[in-house]
Amino acid sequence: WNPEVAEGAFAMPKLSMKLDEVATKETESYYGLVLIHEGPYDGLAESIAKAFGLAAQTGVMFMPTAVCVYTNDPTKVADPSDLRTEVIVPLMVMGPPPKSPEGAEVRPIPSMEVASMVVKGPYGAREGEIIGKLTAWAAAKDRTPSGPPRVIYFHNPALVVDEDQISEIQIPVK
């Protein structure tokens with residue numbers, strides 16, 4: 001440790017977003033590198049790391065966030081090996097989209113209206129609870145979920161302590 005460096009130099013910045021409040025918004029459209037993860041969620045971290053490696057192969061810049069789209073409901077899947085999750089790394093494409101690397105697909109991700117909630121804390125700890133809250137909120141507001149839930153992970157859990165991890169849970173609504 002360098003005594004010349006201020007104590008708070010590496011502290012997490014103050015959040016400018018509200019936590020634990022439901023909000024609706026229109027997401028941006030973008031190109032994403034999409035990798036399909038099949039099986040239990042405990043292997044999801046490896047698939048996310050693999051998706052970042054494949055995103056690097058595209059030759060374009062990418063966002064340091066991972067978006068996981070839970071394409072089937074874990075409460076309705078009897079065998080965890082049947083779970084299917086799309087792992088998406090947002091790409092910063094300025095011209096034609098890059099070629100898809102083997103094992104993944106580069107495709108447009110359309111904008112959509114979502115109900116969302118930003119939460120702080122360990123990844124995986126509250127997603128199910130928040131998806132339930134968002135679904136109940138949508139029903140109370142006469143909105144209909146229009147697609148599978150998704151979670152945006154903003155930090156690499158290997159680099160950020162659990163209590164400082166930020167994620168945004170979304171459900172598309174109409």
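- Using modelled atom types, one finds no donor on one side chain facing an acceptor on the other under 3.5 Å when comparing His37 with Thr85.
- With respect to the salt-bridge test (charged N to carboxylate O, under 4.0 angstrom), the residues Arg107 and Glu86 qualify.
- Checked by atom type, the side-chain pair Ser116/Glu168 shows a donor-acceptor distance below 3.5 Å.
- Between the OG1 atom of Thr27 and the CE atom of Met112 there is a distance of 5.0 Å, given to the nearest 0.5 Å.
- Heavy atoms only, all atoms of each residue included: Ala104 and Ser100 are closest at O-CB, 3.5 Å.
- Contact annotation: the side chain of Pro172 approaches that of Arg150 to within less than 4.5 Å [non-hydrogen atoms, C-beta and beyond].
- For the pair Met117 and Leu134, the minimum side-chain heavy-atom distance is below 4.5 Å.
- Within the 4.5 Å cutoff, the side chain of Leu19 has no heavy atoms near those of the Val119 side chain.
- The CD atom of Glu127 lies 5.0 Å from the CD1 atom of Ile169; values are rounded to the nearest 0.5 Å.
- Here the closest non-hydrogen pair linking Pro149 and Ile171 is CB-CG2, 3.9 Å.
- Ala138 approaches Val173 most closely through the heavy-atom pair CB-CG1, 4.2 Å.
- With rounding to the nearest 0.5 angstrom, the CD atom of Glu129 is 4.5 Å from the CZ atom of Arg126.
- In this structure, CG in Leu91 is found 8.5 Å from CZ in Phe62, a value given to the nearest 0.5 Å.
- Side-chain contact between Val89 and Met63 is absent, with no heavy atoms from C-beta onward closer than 4.5 Å.
- Between the CG atom of Leu44 and the CG atom of Leu83 there is a distance of 10.0 Å, given to the nearest 0.5 Å.
- Note on Val93 and Leu54: same hydrophobic cluster, where clusters join Ile, Leu, Val, Met, Phe, Trp and Tyr whose side-chain heavy atoms are under 4.5 Å apart, directly or indirectly.
- Residues Val87 and Val151 fall within the same hydrophobic cluster, defined by Ile, Leu, Val, Met, Phe, Trp and Tyr side chains chained together at heavy-atom separations under 4.5 Å.
- Residues Ile48 and Cys68 form a side-chain contact, since some pair of their non-hydrogen atoms from C-beta on lies under 4.5 Å apart.
- No more than 12 heavy atoms of other residues, nucleotides or ligands lie within 6.0 Å of CD in Glu102, so this atom counts as exposed by the packing criterion.
- Under a hydrophobic clustering in which Ile, Leu, Val, Met, Phe, Trp and Tyr are joined whenever their side-chain heavy atoms come within less than 4.5 Å, directly or via other members, Met61 and Tyr30 fall into different clusters.
- Within a 6.0 Å radius of CD in Glu28, no more than 12 heavy atoms belonging to other residues, nucleotides or ligands are found.
- Between the side chain of Asp82 and the backbone N or O of Val77, no donor-acceptor pair lies under 3.5 Å.
- Rounding to the nearest 0.5 angstrom, the gap separating the CG atom in Leu33 from the NZ atom in Lys50 is 10.5 Å.
- Between the Ser167 side chain and the Ile152 main chain, no donor and acceptor come within less than 3.5 Å of each other.
- Ring planes of Tyr41 and Tyr70: perpendicular class, angle over 60° (limits at 30 and 60°).
- Tracing side-chain contacts under 4.5 Å through hydrophobic residues (I, L, V, M, F, W, Y), one never reaches Tyr153 starting from Val67; they form parts of separate clusters.
- Nearest approach of Pro110 to Pro108, heavy atoms of both residues: CD-O, 3.8 Å.
- Residues Trp137 and Thr24 meet the side-chain proximity criterion, which asks for heavy atoms closer than 4.5 Å.
- Paired with Lys120 under the rule salt bridge (Lys or Arg N to Asp or Glu O under 4.0 Å), one option of Asp20, Asp162, Asp164 passes, and it is Asp164.
- The side-chain heavy atoms of Thr58 and Pro101, taken from C-beta on, include a pair separated by under 4.5 Å.
- The two residues Val106 and Lys99 make their nearest non-hydrogen contact at CG2-O, 4.2 Å.
- In the hydrophobic clustering of ILVMFWY residues, with side-chain heavy atoms under 4.5 Å counting as a link, Tyr123 and Leu35 come out together.
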